[in-house]
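Just below is one structure, and these are the notes that go with it.
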Amino acid sequence: MLQVNFIREQKDTIITGLKKRGWSDEKMSILDQIIQADDRRKALQTEQDVLLSKINQHSKSIGDLFKSGKQAEANVLKEEVATFKAKAQTLDEDFKSTKAELENLLFQVPNVPNDLVPAGTTDEDNEVFKDLEGELPDLGAEAQPHWELASKYQLIDFAKGVQITGAGFPVYMGKGARLQRALVQFFLNEANDAGYLELNTPFVVNEESARGTGQLPDKEGQMYHAEVDNFYLIPTAEVPVTNMHRDEILAEADLPKKYTAFSPCFRREAGSYGADVKGLNRLHQFEKVEIVQMVHPSTSYEVLDKMIGHVEGLLQKLELPYRILRLCGGDLGFTSALTYDFEVYSGAQKRWLEVSSVSNFETFQSNRLKMRYKGEDGKKHLVHTLNGSALALPRIMASLLENNQTSGGIVIPEVLRKYTGFDIIN
RNA sequence: GGAAGAGUGGCAGAGCUGGUUUAAUGCACCGGUCUUGAAAACCGACGUACCUUAACGGGUACCGGGGGUUCGAAUCCCUCCUCUUCCGCCA
């Protein structure tokens, strides 16, 4: 959520940024609507405060008058207060509805893209920030896609998952399950070594947390909702981790906060179909190690680079073919100011699969979360938040299985062997 | 799930038979005096959000969340949440 004052002061900057997201001039009028709503809010509050102040003064006088036995005078004031109160009541209703209207408008405005974000409307317009080094792997005509390999070596049973729950909930087994566990261990250890504090959070959150990171209200239908308790299954560990410091004022010396967390992720993925959901390509439940940072605003882009370096290191160690994209305005997430996507090449499917998304949200999340720090100037400022997948498991699995298949079996990358306890799947 | 008790400012802790509470007091933190320096002592400042003001300042709200009673609520009532203790159930 953008700050109203920011909209007031930097409207031109915001308009330039939103144009990159494909916003029409017509749509920009929402910015003026916000300012107008905020003006009304201020006027109503001023009026309301004056009235409440009068009521407070009268109440004090009434108390004094009763003590000195001047009941008649007190009763006159009481009647006057009654009229004030009636007025205050209607003012309060106006005030509340204006505030709700303002918030509703603010929820509709996405984050302002960073200058580096290329213009564009679809994923076709994303900029290849770092291309694959070397040739695309050629696995030959015999190469099998991961779902065939998974079945051949009994690593994943999609049908059993359907029986137990439904499509998109696979059962991993044997070396498939162990490989997945090994990857989680590897990712967490790497994050720990990079200075991230490991957290093990709830996988179910309350409504306030879902709202805090922006899943609500815009992505309501994408989350599984446990209605009896009004809890949401997390779509990513970003939600519980980022909410760690909701409504807090941190000391400047406490920054940066660096967290890593493993979690299952639950996504309804309504509307997905076809090749996108084949095999492990898109699931309703998958596992992921996430990295999250809350940092001083002056350092956030430097930190973003470091996070990119961390994710890149993981892919290099796993010896997977990858490239890095810088998302264009049209493909950029609602809350993000700058996002880099990591894709690994799936040698048998002959397509790129997104395995990580690393973003700087600047103050967009922290404003809604009221996550601040006290600066050396003694004033409070919003922190910048960033997060990234490091990494999401299924597509890494898919890519590993496909790219590492040989006539003798699937070769486990060197770096994982101490975690798996085996070096080949055959 | 049942019963009882409790939730107050960074922490501790009064107030809780409704009206000098603009929330006492202590500790911590910050600034100052003193000191070669530190400690101690003393003095001062010391919550959050919003409105208003050129500024100084003024105002409103907030004592777990929400609602109610009243001229007036930290204080009374309702409700929800959390914690503690006991009982029940249980990995």
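First the proteins, then the strands, lettered A, B, ... as listed; each starts at 1.
Side-chain atoms of A:Thr339 and A:Ser336 include a donor-acceptor pair closer than 3.5 Å. The closest side-chain donor-acceptor pair between A:His384 and A:Glu362, if any, does not fall under 3.5 angstrom. A side-chain donor-acceptor contact under 3.5 Å links A:Asn189 and A:Tyr419.
Nucleotides B:G68 and B:A61, compared at atom P, are 15 Å apart to the nearest Å. B:C11 and B:C78 have their C1' atoms separated by 32 Å, given to the nearest Å. Between B:C62 and B:G9, the two P atoms lie 15 Å apart (nearest whole Å). Nucleotides B:C16 and B:G7 are separated by 13 Å at their C1' atoms, to the nearest Å. Comparing B:A14 with B:U70, their C1' atoms sit 26 Å apart, to the nearest whole Å. Across the P atoms, B:G44 and B:C50 are found 31 Å apart, a figure rounded to whole Å. Distance noted for atom C1' between B:C71 and B:U53: 31 Å (whole Å). Spacing of P atoms, B:G26 relative to B:A41, comes out at 12 Å, to the nearest Å.
Taking only side-chain nitrogens and oxygens, A:Ser53 comes nearer than 4.0 Å to OP1 or OP2 of B:U60. For B:C51, one of the phosphate oxygens OP1 or OP2 lies less than 4.0 angstrom from a side-chain nitrogen or oxygen of A:Arg41. Using a 4.0 Å cut-off, some side-chain N or O of A:Lys85 falls inside it from OP1 or OP2 of B:G72. Proximity of A:Arg372 to the phosphate of B:A49: a side-chain N or O atom is located under 4.0 Å from OP1 or OP2.
Checking B:C71, B:U52, B:U60 against the side-chain heavy atoms of A:Leu52 singles out B:U60 as nearest. Residue A:Asp49 has its side chain nearest to B:C51 when only B:U48, B:A61, B:C51 are considered. Side-chain proximity of A:Ile249 to B:U52, B:U48, B:G59: nearest is B:U48. The side chain of A:Phe66 has B:C71 as its nearest neighbour among B:C71, B:G59, B:U48.
If you check every strand for non-hydrogen atoms under 4.0 Å, A:Lys96 touches sugar and phosphate atoms only. Residue-level contact check: A:Leu77 touches neither bases nor backbone, having no heavy atom under 4.0 Å from any strand. When heavy atoms are screened at a 4.0 angstrom cut-off, A:Asn56 is found touching the sugar-phosphate backbone but no base atom. No engagement by A:Lys370 is indicated, since no non-hydrogen atom pair under 4.0 Å with the nucleic acid exists.
With respect to the salt-bridge test (charged N to carboxylate O, under 4.0 angstrom), the residues A:Lys70 and A:Asp64 do not qualify.
Toward the 5' end of RNA chain B, the nearer of the two residues A:Asp38 and A:Lys54, judged by each one's closest nucleotide, is A:Asp38.
Using cut-offs of 30° and 60° on the angle between ring planes, the pair A:Phe266 and A:Tyr224 is perpendicular.
Atom pair A:Leu44:CG and B:U60:C1' shows a separation of 14 Å (rounding to whole Å applied). Between the P atom of B:C71 and the CG atom of A:Leu51 lies a distance of 16 Å, rounded to the nearest Å.
Annotation: cation-pi pair A:Lys175/A:Tyr153 absent, no NZ/CZ under 6.0 Å from the ring centroid and within 45° of its normal. At least one cation-pi condition fails for A:Lys19 and A:Trp23: the charged atom is not both under 6.0 angstrom from the six-membered ring centre and inside a 45 degree cone around its axis.
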Q: Please lay out, stage by stage, how A:Asn367 and A:Leu2 fare under the test side-chain contact (heavy atoms from CB on, under 4.5 Å).
A: CA-CA 7 Å; A:Asn367 184 37; A:Leu2 294 179; 5.7 Å; no

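Secondary-structure annotation of RNA chain B gives the stems B:1-7 with B:81-87, B:10-12 with B:25-27, B:30-33 with B:41-44, B:47-52 with B:57-62, B:64-68 with B:76-80, with a stem taken as at least 3 successive Watson-Crick or G-U pairs whose two distances both fall under 3.5 Å.
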